[in-house]
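In what follows, a single structure is set out as structure tokens and then discussed.
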Amino acid sequence: FEDGMGARLAGASLSLDGSIGVNFYMELDKSVAEDENAYMHFTLPNGKTEDVNVSQAEKKNVNGMNCYVFKCNVAATEMTDTIKAQIKTSSGNGTEYSYTVKEYADYLLAHTADNKAYEDAEELVRAMLNYGAYAQKFKEYNTDSLPCVPSDVSEYVINEHGYTAYAGAKVEFAGANLSMLSNITLRLFFKADDITDVKFMNGAKELEIGKNNGLYFVEIANITPDELSNDFTVSISDGGLVTYSPMTYCYQVSQTSNDAALVNLVKAIAQYNDAAEAYFKEAKV
């Protein structure tokens with residue numbers, strides 16, 4: 001191994017399973033793989049760090065190589081920002097590798113003619129980059145380095161998507177918003193004087209209750225791009241129930257908001273949903 005301690009970057013791939021990021025494929029010497037203190041150290045674009053123990057990495061055979069896969073997620077606004085990755089062990093540190101989501105996406109788009117998997121993913125990757133560009137413009141973040149020239153979304157129409165809400169004995173639905181800049185998260189707000197002993201459930205999962213500006217809220221997090229038009233139901237133990245979709249929020253913003261940057265962003269994320277639904281539907285055939 002070049003680094004002298006038993007770790008080598010065998011390759012990288014773009015994460016297309018919902019969150020945005022890069023998968024690092026590492027070849028590891030037995031001494032590293034069996035070191036209980038060995039881990040991948042990520043330095044993220046926002047300056048934060050994240051450690052993933054080698055024992056927690058997915059093992060995958062790629063072209064005859066036994067690799068350990070380490071995934072690093074970034075926010076939608078960070079596709080052009082650098083991710084740094086370095087294996088650290090009890091005996092020392094390996095080579096530090098750098099990558100960006102845009103770098104791998106550009107590679108994929110440049111090789112669609114000779115790789116069927118890349119060709120199949122082309123529309124999804126273009127929609128993802130477009131979403132990132134509009135996220136950066138909305139956030140006014142690093143706008144001199146967009147992941148792509150954003151396509152014109154002004155003529156794109158988001159289909160109407162309604163919701164249902166039934167008040168319970170203690171709780172009344174008060175609205176929703178959608179976090180679109182990191183992991184996609186739907187937040188539902190509720191009015192209540194007293195929520196003692198009230199539980200909010202999404203299926204079999206009990207949701208944690210927060211409070212902001214006098215309203216209670218619960219979150220459905222890590223929504224994948226192909227799930228953005230899905231309806232999510234929250235049942236409340238006082239008899240209330242809400243069924244709401246991320247696309248409901250996007251539709252309402254597109255119809256009522258005067259913030260052009262936000263309208264462009266929800267249209268871009270709706271197009272991302274279209275591409276993801278088509279990609280994952282084809283993958284299941």
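Computation of the quantities below employed the complete heavy-atom set of this structure, encompassing side-chain atoms and omitting hydrogens, waters and symmetry-equivalent molecules.
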- prompt: Residues in side chain to side chain donor-acceptor pair (under 3.5 Å) with Y68, at least two apart?
  reply: none
query: In Å and rounded to the nearest 0.5 Å, what is the CD to CD distance from E277 to E227?
result: 10.0 Å
- prompt: Measuring from I83:CD1 to T43:OG1, what's the distance to the nearest 0.5 Å?
  reply: 10.5 Å
query: Can you tell if the side chain of Q271 reaches within under 4.5 Å of the side chain of Y134, non-hydrogen atoms only?
result: no
query: So how far is it from T112 OG1 to D114 CG, rounded to the nearest 0.5 Å?
result: 7.5 Å
- prompt: Should side-chain heavy atoms under 4.5 Å link Ile, Leu, Val, Met, Phe, Trp and Tyr, which residues sit in the same cluster as Y141?
  reply: none
- prompt: Do V125 and Y107 sit in the same hydrophobic cluster, where Ile, Leu, Val, Met, Phe, Trp and Tyr count as joined when their side-chain heavy atoms come under 4.5 Å apart?
  reply: yes
task: Answer yes or no: is there a donor N or O on one side and an acceptor on the other, between the side chain of D231 and the main chain of Y244, under 3.5 Å?
output: no
- prompt: Hey, does V74 have a side-chain heavy atom less than 4.5 Å from the side chain of D81?
  reply: no
- request: Evaluate the side chain to side chain donor-acceptor pair (under 3.5 Å) criterion for residues T185 and N183: first the C-alpha distance (whole Å), next the side-chain angles of each, then the deciding distance (0.1 Å), finally the verdict.
  value: CA-CA 6 Å; T185 299; N183 287 330; over 6 Å; no
message: Could you report the tightest heavy-atom contact between S257 and L262, atom names first, then the distance?
response: OG-CD2, 4.1 Å
- prompt: Atom CG of L28 and atom NZ of K59: how far apart are they, to the nearest 0.5 Å?
  reply: 10.0 Å
field: Nearest atoms (heavy-atom pairs only) where S245 meets L228
entry: OG-O, 3.3 Å
- prompt: Counting distance only, does the side-chain N/O of Q136 pair as donor-acceptor with the main-chain N or O of N142 below 3.5 Å?
  reply: yes
- prompt: Between the side chain of K102 and the main-chain N/O of P147, is any donor-acceptor distance below 3.5 Å?
  reply: yes
field: Side-chain heavy-atom pair E160, Q255 within 4.5 angstrom cut-off
entry: no
Atom pairs and distances, side-chain donor-acceptor, residues 200-218, under 3.5 Å, sequence neighbours left out:
unit_1	atom_1	unit_2	atom_2	d
N202	ND2	T233	O	3.0

message: Given 3.5 Å as the limit, does a donor-acceptor pair link the side chain of E58 with the main chain of K71, or not?
response: no
field: Test side chain to side chain donor-acceptor pair (under 3.5 Å) applied to D226 and T224, step by step
entry: CA-CA 6 Å; D226 59 315; T224 60; 2.7 Å; yes
Aromatic plane relationship, F173 with F190 - under 30° parallel, 30 to 60° tilted, over 60° perpendicular: perpendicular
- prompt: Does the D238 side chain pair with the main chain of A169, one donor and one acceptor, at a distance under 3.5 Å?
  reply: yes
query: Which pair of heavy atoms, one from V263 and one from S254, lies closest together, and at what distance?
result: CG1-CA, 4.3 Å
message: Are V266 and I223 linked, directly or through intermediate hydrophobic residues, by side-chain heavy-atom contacts shorter than 4.5 Å (ILVMFWY only)?
response: yes
- request: Evaluate the side chain to side chain donor-acceptor pair (under 3.5 Å) criterion for residues N23 and S13: first the C-alpha distance (whole Å), next the side-chain angles of each, then the deciding distance (0.1 Å), finally the verdict.
  value: CA-CA 5 Å; N23 299 311; S13 70; 3.1 Å; yes
field: pair T77-F138: side-chain heavy atoms closer than 4.5 Å
entry: no
- line: Separation between CD (E172) and CD1 (I236), nearest 0.5 Å, reads 10.5 Å
field: Heavy-atom closest contact (D152 atom, S154 atom, distance)
entry: OD1-OG, 2.8 Å
statement: Exactly one of N264, I184, D274 clears side chain to side chain contact (heavy atoms under 4.5 Å, CB included) with I269, and that residue is I184
task: Determine whether L44 and M79 fall in the same hydrophobic cluster, where Ile, Leu, Val, Met, Phe, Trp and Tyr are linked whenever their side-chain heavy atoms lie under 4.5 Å apart.
output: yes
- line: Given the options Y97, F42, Y104, F24 meets ring-ring contact (aromatic ring centres under 6.0 Å, His included) only with F42
- prompt: In Å, rounded to the nearest 0.5 Å, how long is the span from OH of Y251 to OG of S229?
  reply: 15.5 Å
- prompt: When you measure from the side chain of S98 to the backbone N and O of K84, does any donor-acceptor pair fall under 3.5 Å?
  reply: no
query: Is there a donor-acceptor pair under 3.5 Å between the side chain of S15 and the backbone N or O of G21?
result: no
- prompt: For S55 and N53, does a side-chain donor sit closer than 3.5 Å to a side-chain acceptor?
  reply: yes
query: Is Y118 reachable from Y25 through a run of I, L, V, M, F, W or Y residues, each pair having side-chain heavy atoms under 4.5 Å apart?
result: no
Close side-chain approach of K191 to V171, heavy-atom, < 4.5 Å: no
field: Closest contact, heavy atoms only, A176 versus L188
entry: CB-CD2, 3.7 Å
query: Which residue, L178, V253, V153, L181, forms the side chain to side chain contact (heavy atoms under 4.5 Å, CB included) with L265?
result: L181
task: Kindly say whether Y39 contributes a backbone atom to a donor-acceptor pair with the side chain of T89 at under 3.5 angstrom?
output: no
message: Looking at T248 and H161, would you say the former's side chain and the latter's main chain have a donor-acceptor pair under 3.5 Å?
response: yes
query: So C72 and V22, side-chain contact (heavy atoms from CB on, under 4.5 Å) or not? Walk me through it.
result: CA-CA 6 Å; C72 181; V22 172; 5.6 Å; no
Worked check of side-chain contact (heavy atoms from CB on, under 4.5 Å) between Y272 and M180: CA-CA 12 Å; Y272 185 33; M180 297 171 283; over 6 Å; no
- request: For I158 and K267, run side-chain contact (heavy atoms from CB on, under 4.5 Å): C-alpha distance rounded to whole Å, both residues' side-chain angles, the deciding distance at 0.1 Å, then the answer.
  value: CA-CA 7 Å; I158 301 176; K267 289 185 175 184; 4.2 Å; yes
field: Expected output: side-chain K137 to main-chain A261 donor-acceptor under 3.5 Å
entry: no
- request: Report yes if some heavy atom in the side chain of D35 is under 4.5 Å from a heavy atom in the side chain of V54; otherwise report no.
  value: no
- prompt: D51 pairs by side-chain hydrogen bond (donor to acceptor under 3.5 Å, both in side chains) with which of K88, H41, Q56?
  reply: H41
message: Is it true that, when you exclude Y163 itself, more than 12 heavy atoms of the residues, nucleotides or ligands shown sit nearer than 6.0 Å to its OH?
response: no
query: Are V234 and Y249 connected in the hydrophobic side-chain network, where two residues link if heavy atoms are under 4.5 Å apart?
result: yes
field: N63, CG atom: more than 12 neighbouring heavy atoms under 6.0 Å
entry: no
message: Using every non-hydrogen atom in the two residues, find where D194 and K170 come nearest and quote the distance to one decimal.
response: O-CD, 3.3 Å
field: Criterion side-chain contact (heavy atoms from CB on, under 4.5 Å) on M26 and L9, from CA distance to verdict
entry: CA-CA 5 Å; M26 302 295 300; L9 179 66; 3.7 Å; yes
